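None of the values given here were measured: they were computed from a predicted structure. The sequence lines fix the lettering, A, B, ..., with proteins before strands; numbering per chain opens at 1.
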Amino acid sequence: MIDLTRPSQQVARDLIGALLTFDGVGGVVVETEAYDIDDPASHAFSGPTPRNAPMFGPVGRAYVYRSYGLHWCLNIVCGPNPGAAVLFRALEPTVGLDRMIARRGLTDIRRLTAGPGRLCQALGIGTAQNAMPMTDPPFHLEPAPAQVAVIEGPRIGITKAVEQPWRFGLAGSPFLSRPFKPLT
DNA sequence: CTTTTGATGCCCT
DNA sequence: GGGCATCAAAAGA
């Protein structure tokens, strides 16, 4: 099993290539971002609030929040200390394709789960899953079966701590929410 | 292909 | 009341 008590940056990296499903629907994790309590871009930065409460609870639970009033975003709580989590940004859809296509109203596999909001819509994740343990059914999470090539870069859609390279991706995956800058 | 804009709810100061 | 860890559709080039 993935060691969720490690710092969020390391967990975010470990999760690339892992299999994540919810209620028998999901795929391979291809993109994540790490957030931390000492991180101005994190919801946990200003301390516990009603919204971010799961981030200060046990490791392995889900932290689901509403984004821009319309979308849901899924995190897994981790870290040696409270207030850290990893945001799931994209999957490669592999399990339950028909249900994801139905929920998203799309047949374009590349856009089924490429983005945190899209991913939650495809898996049927919402506020009901907040604080739910992701280590037990109906969630299923298993480590990457083999070593994978991981690339990193700055996080997306934030305005603070933009310079931190805490976004991780599966190298060459066509299922990323956005491409990573070429490493030069 | 890229950029822009509107939809939309809710937490926090 | 400001500001989002977003997305899809529309408009420009």
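Under the 4.0 Å criterion applied to side-chain N and carboxylate O atoms, A:R155 and A:D39 are assigned as salt-bridge partners.
When all heavy atoms of A:R51 and A:P54 are compared, the closest pair comes out as O-CD, 3.6 Å. For the pair A:P93 and A:M100, the tightest heavy-atom approach, listed with the atom from each and the gap, is CB-CE, 3.6 Å. The two residues A:I125 and A:V64 make their nearest non-hydrogen contact at CG2-CG2, 4.1 Å. Between A:E33 and A:A12, the closest heavy-atom pair is C-CB, 4.4 Å. Between A:T113 and A:A122, the closest heavy-atom pair is CG2-CB, 3.6 Å.
Between A:F139 and A:F22, the ring planes lie tilted relative to each other; the angle falls in the 30° to 60° range.
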Can you name the atoms? Protein N/O to nucleotides 2-6 of chain C N/O, anything below 3.5 Å, with the distance.
residue : atom : partner : partner atom : Å
C:dC4   : OP1  : A:T159  : OG1          : 3.3
C:dA5   : OP1  : A:H43   : NE2          : 2.9
C:dA5   : N9   : A:Y65   : OH           : 3.4
C:dA5   : N7   : A:A41   : O            : 3.3
C:dA5   : N7   : A:H43   : NE2          : 3.2
C:dA5   : N1   : A:N75   : OD1          : 2.5
C:dA5   : N3   : A:Y65   : OH           : 3.1
C:dT6   : OP1  : A:R89   : NH1          : 3.4
C:dT6   : OP2  : A:G157  : O            : 3.1
C:dT6   : O4'  : A:S67   : OG           : 3.2
C:dT6   : O2   : A:H71   : NE2          : 2.8

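If you measure from atom CZ of A:R66 to atom P of B:dA7, you get 17 Å, rounded to the nearest angstrom.
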Taking Watson-Crick (N1-N3 plus N6-O4 or O6-N4) and G-U wobble (N1-O2, O6-N3), each under 3.5 Å, can you produce the dot-bracket string of DNA chain B? Use [ ] for crossing pairs and | for inter-strand ones. |||||||.||||.
Please list, one pair per line, the donor and acceptor atoms closer than 3.5 Å that link side chains of residues 73-89 of chain A to other protein atoms, with sequence neighbours excluded.
residue : atom : partner : partner atom : Å
A:N75   : ND2  : A:Y63   : O            : 3.2
A:R89   : NE   : A:E31   : OE2          : 2.8
A:R89   : NH2  : A:S177  : OG           : 3.1

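Using a 4.0 Å heavy-atom criterion, one finds that A:R178 contacts no nucleic acid atom at all.
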